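Predicted, not measured: the structure shown is a model, and the values here were computed from it. Below, chains carry the letters A, B, ... as their sequence lines are ordered, and counting in each starts from 1.
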Amino acid sequence: MQQPLNESFFQQPTLELARSLLGMLLVNENEEGAASGWIVETEAYLGPIDRAAHSFNNRRTRRTEVMFGPAGRAYTHLIHTHCLLNVVSGGIGHPESVLIRAIEPCAGIEWMYRRRGSVKKEQELTNGPGKLTKALGIGMEFYGASLFERPLFIAAGKKVTSVAVGPRIGIDNTGEAKDYPYRFWHEGNPFVSKG
DNA sequence: CGCAGGATCCGCT
DNA sequence: GCGGATCCTGCGA
């Protein structure tokens, strides 16, 4: 049984947190058991100065409210028909977050296949931000939930030695912000969404 | 109250 | 590789 990380893990600058999250284990426990995967790809969103972030210019609405709270909570939001999972960082009053873009399946793989429906290859279960939330059964009901407490939490995983850095994905129409090197991934891992 | 657009995925070519 | 699905959020009137 995995143990959640201490809350203090999340008390670090957002870009360092995005790097530190690589290799950590994302776990969701429910009535069926536990499904989990190692984080292999993340993206940082630095609110006030980052035009690509929902919290750009400190925009504060019901949707972005949780990012103004303490670090270590979950910021979930819908895009098209999918749910995306972010880790809130930056501390109180600093609306920053880290998007979990891809994970490598660890436990509960059979349930992931069941939730993902027609997917046949293990690689396609979790190699995208909308895919991994569906595979793990994460939805908007986790908005604001603490990621250092069950049932949805982050635990110590394996050490990632080879880290690559580059621009983010899917945000082409946001001026200079699209070129910021805020994306981190485990180099060579086949479960990364691109590259 | 209506409209424009988005941190995506999937199927088909 | 490309285009459509599909629906909520934010903003302006």
Exercise for the section: Encode nucleotides 4-10 of chain C as B, S and - characters from 5' to 3', where the letter depends on protein heavy atoms closer than 4.0 Å: B to the base, S only to sugar-phosphate, - to neither. Expected result: -BBSSSS
Practice task
For A:R60, answer base if it contacts any base atom (sugar-phosphate contacts may also be present), sugar-phosphate if it contacts only those atoms, and nothing otherwise; contact means non-hydrogen atoms under 4.0 Å.
Solution key: nothing
Practice task
Assign A:R101 to base, sugar-phosphate, or nothing according to its heavy-atom contacts below 4.0 angstrom with the strands shown.
Solution key: sugar-phosphate
Handout entry: Ion pair A:E41/A:R183, N-O distance below 4.0 Å
Key = yes
Problem - Between C1' of B:dA7 and CD1 of A:I138, the distance in whole Å - result: 16 Å
Practice task
With heavy atoms under 4.0 Å as the rule, sort A:L99 into base, sugar-phosphate or nothing.
Solution key: base
Exercise for the section: Give a yes or no on whether the backbone of A:E96 and the side-chain of A:T14 come within a donor-acceptor separation of less than 3.5 Å. Expected result: no
Problem - pair A:F10-A:I154: side-chain heavy atoms closer than 4.5 Å - result: yes
Completion exercise
Every stem of 3 or more Watson-Crick or G-U pairs under 3.5 Å that DNA chain C joins, in order of first number, is B:1-6 with C:7-12, B:8-12 with C:1-5
Practice task
Report the distance from atom CD1 of A:I169 to atom C1' of B:dA7, rounded to the nearest whole Å.
Solution key: 10 Å
Practice task
Could you check how far CZ of A:R168 sits from P of B:dA7, rounded to whole Å?
Solution key: 10 Å
Problem - hydrophobic_cluster_shared for A:L84 and A:M24, side chain cutoff 4.5 Å - result: no
Problem - Spacing between A:R116 atom CZ and B:dC9 atom C1', to the nearest angstrom - result: 8 Å
Handout entry: Check: A:A18 main-chain N/O paired with A:T42 side-chain donor or acceptor under 3.5 Å
Key = yes
Practice task
Mark yes or no for whether A:Q123, through its side chain, and A:P190, through its backbone, hold a donor-acceptor pair below 3.5 Å.
Solution key: yes
Practice task
Evaluate whether the aromatic ring of A:H54 and the six-membered ring of the B:dA7 base sit under 5.5 Å apart, centre to centre, with an inclination under 30°.
Solution key: yes
Practice task
Measure from the side-chain N and O atoms of A:S97 to the backbone N and O of A:M67, and report whether any donor-acceptor pair falls under 3.5 Å.
Solution key: no
Problem - Polar side-chain atom of A:Y143 near backbone of A:V66 as donor-acceptor pair, under 3.5 Å - result: yes
Handout entry: Any A:K134 side-chain nitrogen or oxygen under 4.0 Å from OP1 or OP2 of B:dT8
Key = no
Exercise for the section: Indicate whether OP1 or OP2 belonging to B:dT8 is found under 4.0 Å from a side-chain N or O atom of A:T133. Expected result: no
Exercise for the section: Can you tell me the distance, in whole Å, between the CG atom of A:L46 and the C1' atom of B:dA7? Expected result: 13 Å
Problem - Whole angstrom value for the distance that separates C1' of B:dA7 from OH of A:Y180 - result: 16 Å
Exercise for the section: Give the rounded distance in Å between these two atoms: NZ of A:K121 and C1' of B:dC10. Expected result: 13 Å
Handout entry: Nucleotide B:dG6, atom C1' - distance to CZ of A:F56 in whole Å
Key = 16 Å
Handout entry: Carboxylate-amine/guanidinium contact A:R168 A:E43, below 4.0 Å
Key = no
